[in-house]
2 protein chains.
Amino acid sequence: MPRPDQTSEKREQLVPIVARAFAELGYRRTTTAELARRCEVRENILYRLWPDKKAMFVAAIEYVYQVSTQLWQKLLQSDEPGASSAERLLDYEAKHHGELGLHRLIFAGLSETDDPVIHDALQAMYGRFHRFIARQIADHRDDTSAAGRKDAEVTAWAIVGLGTVAAIGRELGLIKATGRKRLVADVGKFLLEGKAR
Amino acid sequence: MPRPDQTSEKREQLVPIVARAFAELGYRRTTTAELARRCEVRENILYRLWPDKKAMFVAAIEYVYQVSTQLWQKLLQSDEPGASSAERLLDYEAKHHGELGLHRLIFAGLSETDDPVIHDALQAMYGRFHRFIARQIADHRDDTSAAGRKDAEVTAWAIVGLGTVAAIGRELGLIKATGRKRLVADVGKFLLEGKAR
DNA sequence: GTATTGTGTAAGCGTGTACTTACGTTACCC
DNA sequence: GGGTAACGTAAGTACACGCTTACACAATAC
């Protein structure tokens, strides 16, 4: 009998490194050779863990999604008094925005969306993010009517937009840390309270 | 004496095609061969018009910026009664959002921002867009105080975020046309009126 | 006409890249 | 200890890509 298969453990071990590489370099510039270098293994070892480069990218997206939502879930469970879940999420994002490179991964993927696999992975992740935020908003507003839920959905997209533009502004050196914080926290709260109709 | 130089005319003729290619395919996937194919010329002709592929991309960015702002300027000059410039811009963008592929070009460039040339081109364009919108907001609100201008800046970023997330939502098939219209027009107007403090 | 120089065609060059193959070594279970 | 299959190393393959070169042709000014 041979030794036990450790592929899945190895995958879990390497996925954070892979995700960081894709976030830093984008999809095309992240060569398999570069991935192997950062992971300190040979290329063919990566190809034993994933069928091709695309699968590595999809794994990276799913990893970042999981880490982000786990982090958010933890944040929501630690119930502080005096602030709703939605408010706490906004404060957290205002402070720690973009640390995981989520948006950079999205930008990298958006140039590859005619590939159905990448398109679907991105769509699933982005869609789940949006629904998560929309639910927090509806809870915060305590409005479960049909119109209220619809409104929470639209507002959720606007808040996702805040995070996205904050990421771009940081990337291009156009919005400094204080500006980003103000953008996400202040405008975020404004959107959260008001009803956009 | 030789025949007159027509390089700049040729550049102007080909730039729209080049821009469309980069918007559709992203930076890396837009090969010089593909550019030549779409332009119906040989590759070396492109290299007589621009020093390298990067320059073609930068030219595409500048072209899309110019077309967009020209279009907006025209929109602002045709003064309809009963709606401020800012409102008309929002309505226009809600209807025709993303037609020029501006956001796709930005996403393409954002994966190449460690290249200083691309970074600077993107920064300049995005920054000018933001200032343009911020000015419209300040005018609309008729508040030229320091705090008012600062607020208009933050709001302008939020509105740029609306456009960006609408583009992503469209790209991923997550927000349909009606939803995008509602997002840009309704939330846009909400941001425009309210003061986010 | 002719010299001069822009314009178009075709081929190719060096490098980078996704992915593979071949093979030796190691750790496990019986 | 021995059979087995996971694990690691190294080299290689086929192709695509950015960019260049060589050269024939065309149009203009004199």
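Here is the naming used below: chain letters follow the sequence lines, and residue numbers restart at 1 for every chain. What you are looking at is a predicted structure, and each value in this text was computed from that prediction instead of being measured.
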Pi-cation contact, A:Tyr65 with A:Arg128 (under 6.0 Å, within 45°):
yes
Rounded off to whole Å, could you give me the CG-to-C1' distance for the B:Leu46 and C:dT7 pair?
14 Å
Could you tell me whether B:Arg20 atom CZ has more than 12 heavy atoms of other residues or ligands within 6.0 Å of it?
no
So, is B:Arg42 near the phosphate of C:dT9, with a side-chain N or O under 4.0 Å from OP1 or OP2?
yes
Between C:dC19 (P) and A:Leu35 (CG): distance, integer Å:
11 Å
Within 6.0 Å of NZ in A:Lys181, more than 12 heavy atoms from elsewhere:
no
Protein-nucleic acid N or O pairs under 3.5 Å, nucleotides 14-18 of chain D:
{"unit_1": "D:dG18", "atom_1": "OP1", "unit_2": "B:Lys53", "atom_2": "NZ", "d": "2.5"}
{"unit_1": "D:dG18", "atom_1": "OP2", "unit_2": "B:Thr32", "atom_2": "N", "d": "2.6"}
{"unit_1": "D:dG18", "atom_1": "OP2", "unit_2": "B:Thr32", "atom_2": "OG1", "d": "3.1"}

Per nearest nucleotide of DNA chain D, the residue lying toward the 5' end, B:Pro51 or A:Thr7, is A:Thr7
Is a side-chain donor or acceptor of B:Thr69 paired with a backbone partner of B:Gln66 at a separation under 3.5 angstrom?
yes
Does the ring centre of B:Trp50 sit less than 6.0 Å away from the ring centre of B:Phe57?
no
Walk me through it: do B:Thr155 and B:Arg141 pass the test side-chain hydrogen bond (donor to acceptor under 3.5 Å, both in side chains)?
CA-CA 12 Å; B:Thr155 306; B:Arg141 292 182 178 168; 3.2 Å; yes
A:Ile45 has an atom CD1; how far is it from atom C1' of C:dC19, in whole Å?
15 Å
Report the residues that fulfil side-chain hydrogen bond (donor to acceptor under 3.5 Å, both in side chains) with A:Glu12, sequence neighbours left out, ordered by chain and then residue number.
none
Once you round it to whole Å, what is the distance between P of D:dC7 and CG of A:Leu14?
12 Å
For A:Arg48 and D:dA6, is the shortest distance between a side-chain N/O and OP1 or OP2 below 4.0 Å?
no
What integer distance in Å separates A:Leu49:CG from C:dC19:P?
14 Å
Rounded distance (Å) that lies between atom C1' of C:dA18 and atom CG of A:Asp115:
14 Å
What is the separation between atom CD on B:Glu40 and atom P on C:dG8, rounded to the nearest whole Å?
12 Å
Figure out the CG/P separation between A:Asn44 and C:dT17, and round it to whole Å.
18 Å
